[in-house]
Structures are given as structure tokens and as C-alpha cells.
S.K.: 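Would you mind keeping the following structure in view while I ask a few things?
Worth saying up front: this structure is predicted, and the values here are computed from it rather than measured.
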Amino acid sequence: MNWMNDLYHVYQKLDIAGYQQVKQDILTAQITGCNSGEIYYLILQQLVLIKKEQPAVYELIKNEAESIIRSGGLGYAA
């Protein structure tokens, strides 16, 4: 599964759990990037911030977040 699919599942989980601001922060990072590498890097930054500042939220998305991290941004077509 490519990391964009994992990201989609992250968005779904955040919606269901009511973490709209967290989802918006990640979406902002996603649309701010100019190319696939930059988008991936910005999303990684958001995931690290979530892990550090909101561990309960990170626990909710941990499987997908770690899959995104492991993917290295491969498999994304801009």
C-alpha cells in the first residue's frame, strides 16, 4: 500500500474520532508542498509533532503513521 492510501486512512480515523484540527493541520501540510518529496516531508513533520504533543491521537493513527514513515515517500505520483 502506498503512503497516500495510509494517509487517507489517517484522515478517516481522525474524522471519526473528532480530531478535525489535527486533520486540518496535516491537510495544510499536504497542500503546502510543491512536489511529492516536499509534501511527504511536511506530512512527516506533522506526524512527529502529533507523536510528541498529542500521544493519544498518535496512538489512534500509529499503524498508518508508521507505515507512512517506513515507506519513505515512495509510490507517490504527483
Side-chain angles (χ1 to χ4, degrees):
M1 178 182 295
N2 77 32
W3 70 272
M4 290 298 291
N5 288 335
D6 289 322
L7 185 60
Y8 175 74
H9 291 289
V10 166
Y11 290 150
Q12 286 181 319
K13 285 184 173 185
L14 293 172
D15 275 339
I16 291 168
Y19 293 113
Q20 296 305 316
Q21 187 57 51
V22 175
K23 177 184 174 185
Q24 187 58 46
D25 292 343
I26 298 171
L27 277 168
T28 299
Q30 184 178 0
I31 62 173
T32 302
C34 295
N35 58 53
S36 61
E38 186 176 15
I39 292 167
Y40 178 75
Y41 177 74
L42 293 170
I43 289 172
L44 283 183
Q45 283 182 319
Q46 288 300 311
L47 293 175
V48 168
L49 283 173
I50 294 166
K51 185 175 185 178
K52 179 180 175 183
E53 297 175 0
Q54 300 179 52
V57 176
Y58 188 81
E59 196 60 36
L60 175 70
I61 61 171
K62 183 178 180 178
N63 290 339
E64 292 82 5
E66 291 180 2
S67 180
I68 291 168
I69 292 165
R70 282 191 307 271
S71 77
L74 302 175
Y76 177 70

S.K.: Does Tyr11 use its side chain to pair, donor to acceptor, with the backbone of Lys23 at less than 3.5 Å?
M.R.: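 Absent.
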S.K.: First locate atom NE2 of His9, then atom CE of Met4, and finally report the distance between them rounded to the nearest 0.5 Å.
M.R.: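 One finds 12.0 Å between NE2 of His9 and CE of Met4.
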S.K.: Of the non-hydrogen atoms in Ser71 and Tyr40, which two are nearest, and what is the gap between them?
M.R.: OG-CE1, 3.9 Å
S.K.: Please check if Val10 and Leu44 belong to a single hydrophobic cluster, counting links between Ile, Leu, Val, Met, Phe, Trp and Tyr side chain heavy atoms closer than 4.5 Å.
M.R.: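 In one cluster with Val10: Leu44, yes.
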S.K.: With a 4.5 Å heavy-atom cut-off, do Leu49 and Gln45 have their side chains touching?
M.R.: no
S.K.: If you measure from CG on Leu14 to CD on Gln20, what distance do you get to the nearest 0.5 Å?
M.R.: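 These two atoms lie 8.0 Å from each other.
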S.K.: Could you go through residues 55-66 and list every donor-acceptor pair under 3.5 Å that involves a side-chain atom there, pairing it with any protein atom two or more places apart or in another chain?
M.R.:
from: Glu64; atom 1: OE1; to: Lys13; atom 2: NZ; distance (Å): 3.1
from: Glu64; atom 1: OE2; to: Lys13; atom 2: NZ; distance (Å): 3.0

S.K.: Measure the spacing between CD of Gln12 and CD1 of Ile16 and express it to the nearest 0.5 Å.
M.R.: 6.5 Å
S.K.: Would Ile50 and Asp25 count as a side-chain contact (heavy atoms from CB on, under 4.5 Å) if you check the C-alpha gap in whole Å, the side-chain angles of each, and the deciding distance to 0.1 Å?
M.R.: CA-CA 10 Å; Ile50 294 166; Asp25 292 343; over 6 Å; no
S.K.: For the backbone of Trp3 and the side chain of Tyr8, can you confirm whether one donor and one acceptor N or O come within less than 3.5 Å of each other?
M.R.: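 No, Tyr8 side chain to Trp3 backbone: no donor-acceptor pair under 3.5 Å.
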S.K.: For a side chain to side chain contact (heavy atoms under 4.5 Å, CB included) with Leu7, tell me which candidate from Ile39, Ile68, Leu47 qualifies.
M.R.: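 Answer to the side chain to side chain contact (heavy atoms under 4.5 Å, CB included) test with Leu7 among Ile39, Ile68, Leu47: Ile68.
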S.K.: Minimum heavy-atom separation for Ala29 and Leu42, please, with both atom names.
M.R.: O-CD1, 3.5 Å
